[in-house]
Protein chains: 2
Amino acid sequence: MGKTRVSIRDVARESGVSLTTVSLVLNKNDARISEATRERVLDAIQRLDYTPSRLARGLPNRQSKTLAILVPALQHAFADVYFGEIISGIYEAAAERGFRIMLEVARRDYVKRREYLTVLDDCSVDGILFIGASEEHTWLQDFHGTDRPLLVVNNHFTQWDLHRVECDYQQAGRLAADYLTDMGHTRIGHISGPIDKVLTTADLTTAFIERLTERGTRLADQLIVDGKLHVEFGKLACEELLQRDPAITAIFASNDKMALGAYQAIREAGKKPGQDVSVMGCDDIATARLAEPGLTTISMNFLNVGAESCRSLLDLIKTQTGRSKNNAGVNGATNGTVPAESLRVDRRLPVELIERASVQRV
Amino acid sequence: MGKTRVSIRDVARESGVSLTTVSLVLNKNDARISEATRERVLDAIQRLDYTPSRLARGLPNRQSKTLAILVPALQHAFADVYFGEIISGIYEAAAERGFRIMLEVARRDYVKRREYLTVLDDCSVDGILFIGASEEHTWLQDFHGTDRPLLVVNNHFTQWDLHRVECDYQQAGRLAADYLTDMGHTRIGHISGPIDKVLTTADLTTAFIERLTERGTRLADQLIVDGKLHVEFGKLACEELLQRDPAITAIFASNDKMALGAYQAIREAGKKPGQDVSVMGCDDIATARLAEPGLTTISMNFLNVGAESCRSLLDLIKTQTGRSKNNAGVNGATNGTVPAESLRVDRRLPVELIERASVQRV
DNA sequence: TGTGTCTAGTAAAATGTTTTACTGAGGGGG
DNA sequence: CCCCCTCAGTAAAACATTTTACTAGACACA
């Protein structure tokens with residue numbers, strides 16, 4: 001006892017049937033198994049307290065039922081609401097379909113040793129979800145135009161053709177512009193993200209400016225300041241804006257953290273945020289609701305982004321393994337290139353205006 | 001081509017040796033392999049771009065070279081500096097030894113279905129690191145006095161005998177008391193954590209009070225307020241303290257977040273934190289350094305806690321699998337109970353005072 | 001010459017599944 | 001009575017490794 005774990009073989013013996021039968025019952029390929037036999041097998045499984053081994057299960061069809069979440073090697077990658085929320089969403093969707101989640105960090109030597117490929121070849125993982133991508137991650141090129149199941153979460157690239165799922169940042173920009181205009185603001189400042197590095201934040205800013213222009217408001221270049229998506233820099237950016245044009249009536253920040261930084265700057269300038277200067281954020285993080293006054297913002301629903309990303313990747317994996325079974329060994333030279341039939345995942349998820357108390361009608 | 005991945009068999013054929021030889025080279029069990037042969041094998045591996053399959057590797061000796069990080073189902077479990085830092089530490093130490101990390105969330109049905117056991121039986125994972133444990137997690141009982149490789153990170157329990165690694169919160173409490181006393185403070189307020197729920201925070205508070213008493217300062221019960229380890233509640237707690245005794249000269253908060261909340265409360269009361277009221281925190285999170293004035297605090301070095309936890313668990317796993325090989329099938333009835341020889345991991349890591357500008361000498 | 005030991009390997013079993021291709025029994029139609 | 005079909009199930013191959021136990025040959029020693 002204790003020497004070896006209970007295996008499918010033991011179950012077979014215990015219930016007096018063959019291995020195959022047990023396996024069929026286990027996988028709900030019940031079609032040709034009689035009710036009586038099935039009962040018997042299920043019974044034995046229960047009696048022996050049998051759990052099929054994932055390792056052994058994955059071996060025959062080379063899949064581990066595991067997904068990797070890959071994050072860049074930032075200071076506090078996991079200590080971030082944004083990542084946290086997306087990861088939670090991914091976790092939920094994966095669990096729904098019986099998949100597990102691995103965590104990988106794209107550190108320097110991880111990338112140099114091309115571990116992101118190993119981890120797939122390895123059978124450690126059936127697919128990769130990459131959060132926090134930016135233009136700097138040139139190694140993503142290894143996935144450009146290939147079959148490899150990697151999906152970029154909430155980001156996209158102009159130069160590479162990769163699977164992706166993201167919030168509709170352009171819609172978000174338009175919503176913000178419309179709302180501020182509707183509330184009567186024309187003298188507006190904007191705290192942007194790092195436009196040159198992160199495409200999503202560039203989308204947001206561009207769409208915001210364009211829609212403002214359409215509605216007859218011109219946003220001067222000098223009233224756009226980069227807040228680097230952080231509270232502290234958001235505060236600094238806001239100070240800058242208030243100095244450049246003290247008559248500003250509203251500020252749109254590309255995320256809530258910077259908007260909350262703006263609150264601080266406005267207070268320190270002796271004014272009241274949401275009253276003397278209206279503030280609008282983006283993301284709808286938890287503290288946006290708790291802030292005083294409640295921050296009007298655009299909900300990106302990151303939890304949902306994570307979940308939908310995960311579902312898309314899972315679908316992708318399913319159709320891929322399905323396909324490769326049909327034409328196995330048929331076409332010789334498709335090594336790495338995409339078959340014409342294969343589709344890129346490219347989804348944009350809707351966003352939503354959340355009206356609270358930080359924007360005043362003027 | 002493309003039909004099947006390159007296996008150890010291909011390497012063997014390519015280099016004209018047996019499977020065994022390749023395997024031996026691969027596992028650095030080189031002892032009885034000649035230099036020439038090894039070169040040949042290594043060469044073939046390179047030529048064929050061969051990667052051993054983790055799945056197949058784990059099968060024979062039933063280990064996956066993977067660890068699970070288990071976190072409680074909190075609101076934003078992953079959106080927390082604390083978790084983030086520890087996870088980063090774990091990741092690093094695991095990577096060092098070639099282990100991968102899985103993420104698991106102890107949701108309600110995860111616990112009900114006892115997935116935390118399945119995941120081990122399953123061979124999905126060789127061990128579990130549990131972060132964020134609290135008295136509510138009664139299912140930990142399933143690990144009490146067993147061989148199962150679970151380690152509690154930065155928490156402990158009175159009722160169960162579990163492997164654990166944590167910071168020395170008692171030392172932290174004493175350091176804080178000593179420092180404030182040395183700086184001449186005798187009129188002190190304390191913002192605690194939820195003492196009844198989290199043992200570590202109770203340790204901290206108890207040691208703080210005791211050492212203060214030893215040094216001749218009595219901390220009145222009414223000058224201890226629970227700040228629930230959050231910024232917002234820390235602020236509230238501080239307001240409460242300032243009301244109960246406006247002559248307080250220093251406040252010790254059980255973590256940095258609450259200390260920063262205290263900064264806000266002090267400011268809103270028209271006073272200057274670090275000048276009119278000294279503030280001391282605990283944890284040394286990144287923002288403690290960036291705050292104005294820089295927060296004097298106690299560094300818990302969570303990154304290190306994560307790394308050391310991981311190392312301890314890995315050691316545990318190694319000695320366990322080593323041991324089970326020796327006495328396999330010898331003693332019949334040890335089903336689940338601990339052999340006398342097996343040791344509990346129980347480590348306390350040193351903490352360190354970080355002096356900045358938030359405590360004034362009086 | 002016989003015995004023993006060391007070196008550099010190798011053959012084969014074992015790990016726990018899934019899946020493919022087969023089989024024997026029973027029944028219906030011609 | 002023979003042929004074919006379906007039903008319920010099984011045997012065996014495949015998956016990619018590790019590990020154990022064995023061996024052929026070289027050499028030393030008595």
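Everything numeric here is computed off the predicted structure, so don't read it as measured data. We name chains A, B, ... by the order of the sequence lines, and we start the count at 1 in each one.
- Counting any heavy atom pair closer than 4.0 Å across all strands shown, Ser23(B) reaches a base atom.
- Atoms NZ (Lys65(A)) and P (dT17(C)) sit 15 Å apart, rounded to a whole Å.
- Between Gly16(B) and Ser7(A), it is Gly16(B) whose nearest contact on DNA chain C lies nearer the 5' terminus.
- In this model, the phosphate group of dT18(D) is approached by a side-chain N or O of Arg57(B) to a distance below 4.0 Å at OP1 or OP2.
- Donor-acceptor pairing under 3.5 Å, judged by distance alone, is absent between the side chain of Thr21(B) and the base of dA8(C).
- In this structure, Asn61(B) does not reach the dT17(D) phosphate: none of its side-chain N or O atoms is under 4.0 Å from OP1 or OP2.
- Salt-bridge formation is not detected for the pair Arg107(B)/Glu115(B): no Lys NZ or Arg NE/NH1/NH2 atom is positioned less than 4.0 Å from an Asp or Glu carboxylate oxygen.
- Residue contacts shown for Arg32(B) include a base, since a base heavy atom lies under 4.0 Å away.
- Across Thr21(A), Val25(A), Val17(A), a single residue satisfies side-chain contact (heavy atoms from CB on, under 4.5 Å) together with Arg38(A), and that is Val25(A).
- In summary, Asp43(B) and Arg40(B) do not engage in a salt bridge, as defined by a charged side-chain N under 4.0 Å from a carboxylate O.
- Distances shorter than 4.0 Å separate none of the side-chain N or O atoms of Arg40(A) from OP1 or OP2 on dA8(D).
- We find that CZ of Arg54(B) is positioned 22 Å from P of dC15(D), with the value rounded to whole Å.
- Rounded to an integer number of Å, the gap from CD1 of Ile8(A) to C1' of dT19(C) is 12 Å.
- With distances taken from any side-chain atom of Ser18(A) to the nucleotides dT18(D), dT10(D), dT19(C), the minimum falls on dT10(D).
- Within the structure, every side-chain polar atom (N or O) of Ser53(A) is placed at least 4.0 Å from both OP1 and OP2 of dT17(C).
- Donor-acceptor pairing under 3.5 Å, judged by distance alone, is present between the side chain of Thr20(A) and the base of dA11(D).
- Rounded to whole angstrom, the span from the CD1 atom of Ile33(A) across to the C1' atom of dT6(D) amounts to 15 Å.
- Atoms CG (Asp122(B)) and C1' (dT17(C)) sit 13 Å apart, rounded to a whole Å.
- Between dT17(D), dT17(C), dT10(C), one nucleotide has an atom nearer to the side chain of Tyr50(A) than all others, and that is dT17(C).
- Heavy-atom contacts from other residues, nucleotides or ligands closer than 6.0 Å to CZ of Arg114(B) number 12 or fewer.
- Atom pair Arg9(A):CZ and dT10(D):C1' shows a separation of 14 Å (rounding to whole Å applied).
- Trp160(A) and Phe157(A) have tilted rings, their planes meeting at an angle from 30° to 60° on a 0 to 90° scale.
- In this structure, Leu59(B) places its CG atom 14 Å from P of dA14(C), rounding to the nearest Å.
- Distance Leu24(A) CG to dT17(C) C1': 12 Å, rounded to the nearest Å.
- Two residues, Pro60(B) and Thr37(B), neighbour DNA chain C, and the one matched to the more 5' nucleotide by heavy-atom proximity is Thr37(B).
- Aromatic pair Phe143(B)/Tyr116(B): centroids less than 6.0 angstrom apart.
- Between Thr51(B) and Ser34(A), the residue anchored closer to the 5' end of DNA chain D is Ser34(A), taking for each the nucleotide with the nearest heavy atom.
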